[in-house]
Amino acid sequence: MVITKRGLVLSAAAVVLTAVTLANTGCSSKSLASFRGSPKELVDEVWQIIDKSYVDGTFNQVDWKAVRNEYLNRTYTSDEEAYKAIREMLKKLDDPYTRFMDPQEFRNMQVDTSGELTGVGIQLTQDEETKKLVVISPIEDTPAFTAGILAKDIITKIDGKSTEGMDTNQAVSLIRGQVDTEVTLTILRGSKELEFKLKRAKIEIHPVRKSVQKAPIGEVGYIRLNQFSANAASEMRSAIKDLEQKKVTGYILDLRSNPGGLLYGSIEIARMWLKEGTIVSTVDRVGEADKQTANKADLTDKPLVVLVDGGSASASEILSGALQDNKRAVLVGTKTFGKGLVQSVRGVGNGAGLAVTIAKYFTPKGTDINKAGIEPDFKVELTEAQKQELRRDRDKIATTADPQYAKAMEVLTQQVTGKTGNNKAESKPNAAPPKPNAAQAKPSAAPSKSK
């Protein structure tokens, strides 16, 4: 996610910020001149950025100045040697979100937010404890989504190559490739090992889809937001304005399997729903907080229900947390992913990039959701059979055949009519999904995000 504000880019997947200048940390100008323009300069540039901005002032109990001496005392004969050393240096922080990207990997990251990419359509992360590669979610209408890859799946092999010790950048480089070429992913789902042979495709990402749904309370605006890419806020604004002109009685905002993206996009979108109140706070290593608030630019005050699940991460959690804490919306579904860290992403060296964890973010009520996630107001678990049925027939998504959507509609109906039902209810996962209403309008979107 990216927020370009006061010279910072705060992100989980990001675009370029101009390269930082080399700071002086007691190293003489003579010694700096000895490696200026060399691969060693890049190593020191990365070290300086971490030293000045990393969220943990103890550097995860690592003697960071000793690390600098260790790596600057080495000889580097190529950029590739410097890249390898930087990755080795950053591993000492034990933070999967602080990572170095060579020029190709950095271009890949920028593609993630541009709205178009070539690959199979999955968003990856590295589990902070196990170091395993975990699928945050597949992007809808992509090879991975169609094949049935799910959030929380663990990728153990790529084309037969073990992912043990592999970071997300390396994995992405292996998974992406030319259109119509194939890649085989070996997945661990629970105790079951599955193999998926996927054909790479050109993936155009339109983050917002909308439809008007028929309901007993009148017409309801359904908006599916599948990621916070560069055009998400403008598409969301257009969707809300269009649905307002259609005089809908309320809204269901679907953030299921939305892995995040641009942080400032989540703030802009929150302001479309909130008249006032805090949206998110970020706190850096010295405890300095930066608070983002609503600015009375809301587009509607009609009742709102938000759908979330385990694939709703990062920017999705900022938006849903803001709406929940400000009592602007009711959340339905399952607990969200739990990524509450903020990264600064910038260009370094000759076209390379660096993502650095610089802060934690908190919901308006001060909740730290990192590793914990956000609990919905109404928990509705789907069985494996229900998930597969919705995948097989996506026309059932956002109809009464979709148990989470059906609950959202029930809650929205209570809000519109002023009747209260069983608050904080929990739906039983083994219950059969209700039969679809033949009169129900079919949605233009299905739940889903990038590699």
Option among Thr357, Thr98, Ile358 that satisfies the side-chain contact (heavy atoms from CB on, under 4.5 Å) test with Ile50: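 For Ile50, the side-chain contact (heavy atoms from CB on, under 4.5 Å) test succeeds with only one of Thr357, Thr98, Ile358, which is Thr98.
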Quick one: does Asp56's side chain have a donor or acceptor within less than 3.5 Å of a partner on Arg285's backbone? no
For the pair Asp102 (side chain) and Gln104 (backbone), establish whether a donor and an acceptor sit closer than 3.5 Å, ignoring hydrogens and angles. yes
Can Lys387 and Asp309 be counted as an ion pair, charged N to O under 4.0 angstrom? no
For [X], which residues count as a side-chain hydrogen bond (donor to acceptor under 3.5 Å, both in side chains) partner, sequence neighbours excluded?
{"X": "Thr336", "answer": "Glu317"}
{"X": "Thr186", "answer": "none"}
{"X": "Glu105", "answer": "Arg87"}

Classify the side-chain pair Gln178/Asp180 by whether it contains a donor and acceptor separated by less than 3.5 Å.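 No - no donor-acceptor pair under 3.5 Å links their side chains.
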Who passes ring-ring contact (aromatic ring centres under 6.0 Å, His included) against Phe100, sequence neighbours left out? Tyr83
Report the residues that fulfil ring-ring contact (aromatic ring centres under 6.0 Å, His included) with Tyr97, sequence neighbours left out, ordered by chain and then residue number. none
Other residues, nucleotides, ligands: >12 heavy atoms within 6.0 Å of Lys131 NZ: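 More than 12 heavy atoms, drawn from other residues, nucleotides or ligands, come within 6.0 Å of this atom.
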Who are the salt bridge (charged side-chain N to carboxylate O under 4.0 Å, His left out) partners of Arg200, not counting sequence neighbours?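 Partners of Arg200 by the salt bridge (charged side-chain N to carboxylate O under 4.0 Å, His left out) criterion come out as none, since no residue qualifies.
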